[in-house]
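Data first, discussion second: the structure below is written as structure tokens.
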Amino acid sequence: MSSKRIAVIGTGYVGLVSGACFAYLGHKVIGLDIDEKKIELLRKGEVPIYEPGLDRILKRALERKNIEFTTDYEYAVKNSDFIFIAVGTPSREDGSADLSYVESAYKSIAEYIGNEDFKIIVNKSTVPVGTGRWAKEFIKSLLEKRGIKNPEERFEIVSNPEFLREGKAVEDFMKPDRVVVGADNRDVAGMVASLYEKLQPAMLITDLPTAEMIKYASNSFLATKISFINEIANICEKLGADVTVVARGMGLDHRISPYFLNAGCGFGGSCFPKDVKALIHTAKSVGEEPRLLSSVMKVNEKQKLRPIEKLLKHIPELKDKTIAVWGLAFKPETDDMREAPSIPLVRKLLSLGAKVKAYDPVAMENAKKVFKEEIKTFGEKLLFVDDKYEALKGADALILITEWNEFKEVEFDKLKGKVIIDGRNIWEPSVMRQFCVYESIGRV
């Protein structure tokens with residue numbers, strides 16, 4: 001495999017993992033970000049996010065001099081043939097994707113495309129269906145204004161959606177289930193596909209809008225599975241069934257599979273909530289009413305507070321009660337707090353007058369930023385502690401929100417006399433009930 005010159009715009013989860021892994025595979029990579037402090041850290045080999053294995057991959061790429069970092073758009077564009085865009089597309093209030101960062105990247109790239117260039121601009125950012133073809137016209141118009149000859153021949157737009165799970169992003173990049181490449185020019189699509197040649201992945205080449213839709217449809221389906229099993233769990237509780245066994249029985253059917261059938265207190269993160277909302281908005285914009293997707297979001301929002309409903313059955317008045325919270329990140333193996341179920345849950349506990357003692361193995365600093373206003377408002381009623389058992393001291397109850405491995409092993413005597421709400425079904429009910437009042441999701 002010949003080495004290719006790649007620029008990656010954005011050094012967040014997707015951009016940094018993609019850039020480091022491409023460099024590890026032998027390509028020459030330039031990582032670009034407008035955050036100078038982040039770039040300085042990366043040049044030293046320091047990873048500013050928590051992602052298992054990424055520090056090792058980045059260190060090896062730096063040692064081989066296959067990756068460098070800059071804030072200079074001109075340098076990145078002029079010294080690359082493939083330019084990956086991996087910037088954020090957060091939700092607006094109406095649920096639509098905010099493309100301001102993507103549009104800014106297009107403008108900056110177009111500023112430095114010359115008369116003899118041919119740049120392949122690859123979208124890894126999750127963008128609404130139709131963005132790729134809009135981008136072709138947008139960049140063409142920018143090049144025309146600069147007087148670039150035959151502007152449509154100076155670049156091509158490609159969609160190469162990412163399917164990286166936070167906490168397993170390096171593994172997912174290096175061992176992908178599939179690589180999707182969407183382009184209106186099949187030859188260009190093949191050139192982007194060749195970047196992954198060493199990995200020998202299952203490859204699907206499509207047109208631009210189909211590739212964009214595959215990303216949204218994939219995340220929305222996984223989110224649907226989670227909301228579905230959570231709704232089944234709530235029904236199971238009323239009927240005396242065990243949702244974990246129900247899910248196992250369902251998952252043995254190869255048409256269903258067991259993945260994403262774990263009942264709990266809802267999904268969060270940077271992808272599922274944002275992408276489902278964006279697809280809902282897109283559907284409505286073309287005259288379709290996405291009833292199923294709308295229900296997925298409603299079920300999920302309600303499920304985030306399900307542990308408090310269970311807690312109130314045992315402690316009807318939470319004023320001046322102390323509640324320990326284990327786990328703040330939206331999932332294990334990440335410090336990401338975006339859309340985490342812990343956020344509305346902790347805020348609700350505080351609004352009911354409870355004192356909260358919270359602990360997470362990795363996400364404490366990010367959590368303090370998220371709850372900055374609550375820390376100011378509630379003072380000592382919201383405490384972040386350095387140990388899971390410190391959180392339990394003086395607590396009337398414990399709510400487990402994130403299923404970190406360290407929570408699976410517990411000293412049972414420290415739970416005596418407390419109400420335990422297991423929001424992820426990580427403990428065995430028959431064992432737990434020997435020591436405490438125990439509630440889980442979808443099990444009786």
Side-chain angles (χ1 to χ4, degrees), residues 229-230 232-248 262-266 303-329 331-333 340-342 345-346 348-350 352-364 367 381-444:
I229 200 62
N230 281 334
I232 293 296
N234 298 340
I235 298 169
C236 280
E237 289 180 5
K238 302 288 177 65
L239 299 177
D242 185 331
V243 73
T244 59
V245 181
V246 171
R248 196 180 313 146
N262 297 314
C265 48
Q303 197 70 16
K304 289 179 180 181
L305 297 179
R306 187 77 174 178
I308 295 181
E309 292 178 26
K310 292 175 169 291
L311 179 61
L312 290 171
K313 289 185 343 189
H314 302 282
I315 309 177
E317 176 56 66
L318 293 181
K319 191 173 187 301
D320 297 327
K321 299 294 184 182
T322 299
I323 312 301
V325 171
W326 282 5
L328 296 166
K331 62 180 282 189
E333 302 303 327
S342 64
L345 189 142
V346 168
K348 183 66 174 178
L349 288 172
L350 292 169
L352 293 173
K355 176 180 179 180
V356 177
K357 295 176 71 178
Y359 167 73
D360 187 283
V362 170
M364 297 292 274
K381 294 205 105 182
L382 176 57
L383 297 177
F384 294 92
V385 297
D386 296 327
D387 178 80
K388 62 184 179 184
Y389 293 123
E390 178 62 30
L392 277 181
K393 286 181 182 177
D396 299 285
L398 163 67
I399 299 177
L400 181 135
I401 302 177
T402 314
E403 64 275 33
W404 287 92
N405 281 334
E406 78 165 74
F407 298 149
K408 294 176 182 178
E409 298 293 328
V410 64
E411 296 177 27
F412 294 112
D413 62 316
K414 291 185 173 161
L415 303 179
K416 284 181 179 178
K418 302 185 190 303
V419 177
I420 310 298
I421 310 297
D422 180 356
R424 297 296 177 183
N425 292 348
I426 69 170
W427 295 309
E428 175 56 44
S430 62
V431 174
M432 294 295 286
R433 286 180 181 136
Q434 296 176 39
F435 300 90
C436 58
V437 176
Y438 176 77
E439 291 258 7
S440 55
I441 307 294
R443 302 186 295 180
V444 293

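Computed from a predicted model, the values in this text were never measured in an experiment.
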From C265 atom SG to N425 atom CG, the distance as rounded to the nearest 0.5 Å: 9.5 Å
V419 and L398, any side-chain heavy atoms less than 4.5 Å apart: no
Residue pairs passing the salt bridge (charged side-chain N to carboxylate O under 4.0 Å, His left out) test where at least one lies in residues 397-410, sequence neighbours excluded: E403-R424
ring-ring contact (aromatic ring centres under 6.0 Å, His included) involving F412 - partner list, sequence neighbours excluded: F435
Any donor-acceptor N or O pair under 3.5 Å, side chains D360, W404: yes
Reported CD-to-CE distance for the pair Q434 and M432, which is rounded to 0.5 angstrom: 10.5 Å
Distance-only donor-acceptor check, side chains D387 and Y359, under 3.5 Å: no
Expected output: side-chain T402 to main-chain A329 donor-acceptor under 3.5 Å: yes
For the student: nearest non-hydrogen atoms of A263 and V243, plus distance: CB-CG1, 3.9 Å
Whether over 12 other heavy atoms sit under 6.0 Å from K348 NZ: no
Least distance between heavy atoms, G266 atom then P341 atom: O-CG, 3.5 Å
For D242, all residues meeting side chain to side chain donor-acceptor pair (under 3.5 Å), sequence neighbours excluded: T244
Close side-chain approach of L392 and W326, heavy atoms under 4.5 Å: yes
Atom pair CG/CD1 of L305 and I308 - distance to nearest 0.5 Å: 5.5 Å
Between CG on residue L345 and CZ on residue R306, distance to nearest 0.5 Å: 13.0 Å
Cation-pi geometry met for K414 and Y389 (6.0 Å, 45°): yes
Flag if over 12 foreign heavy atoms under 6.0 Å of CG, D386: no
Side-chain (E237) to main-chain (V444) donor-acceptor, under 3.5 angstrom: no
Steps toward side chain to side chain contact (heavy atoms under 4.5 Å, CB included) verdict (Y438, L415): CA-CA 10 Å; Y438 176 77; L415 303 179; over 6 Å; no
Shortest non-hydrogen contact between A397 and L311, atoms and distance: CB-CD1, 3.5 Å
Over all atoms of both residues, closest heavy-atom pair of I401 and G327: CB-O, 3.5 Å
I'd like a table of donor-acceptor pairs (distance under 3.5 Å, sequence neighbours excluded) in which one partner is a side-chain atom from residues 313-322, with atom names and distances.
from : atom 1 : to   : atom 2 : distance (Å)
K313 : NZ     : E439 : OE2    : 3.1
H314 : NE2    : E439 : OE2    : 2.8
E317 : OE2    : K319 : N      : 3.0

Distance-only side-chain donor-acceptor flag, N405 / E333, under 3.5 Å: no
Sidechain-backbone polar pair: K357 side chain, L382 backbone, donor-acceptor under 3.5 Å: no
Side chains of D422 and I441 in contact at under 4.5 Å (non-hydrogen atoms): no
Side-chain donor or acceptor of K418 paired with backbone N/O of V437 under 3.5 Å: no
Straight-line distance of S342 OG to L400 CG, nearest 0.5 Å: 11.5 Å
Contact check, side chains of I420 and W427, non-hydrogen atoms, under 4.5 Å: yes
All side chain to side chain donor-acceptor pair (under 3.5 Å) counterparts of N230, not counting sequence neighbours: none
For S440, side chain to side chain donor-acceptor pair (under 3.5 Å) partners two or more places apart: R443
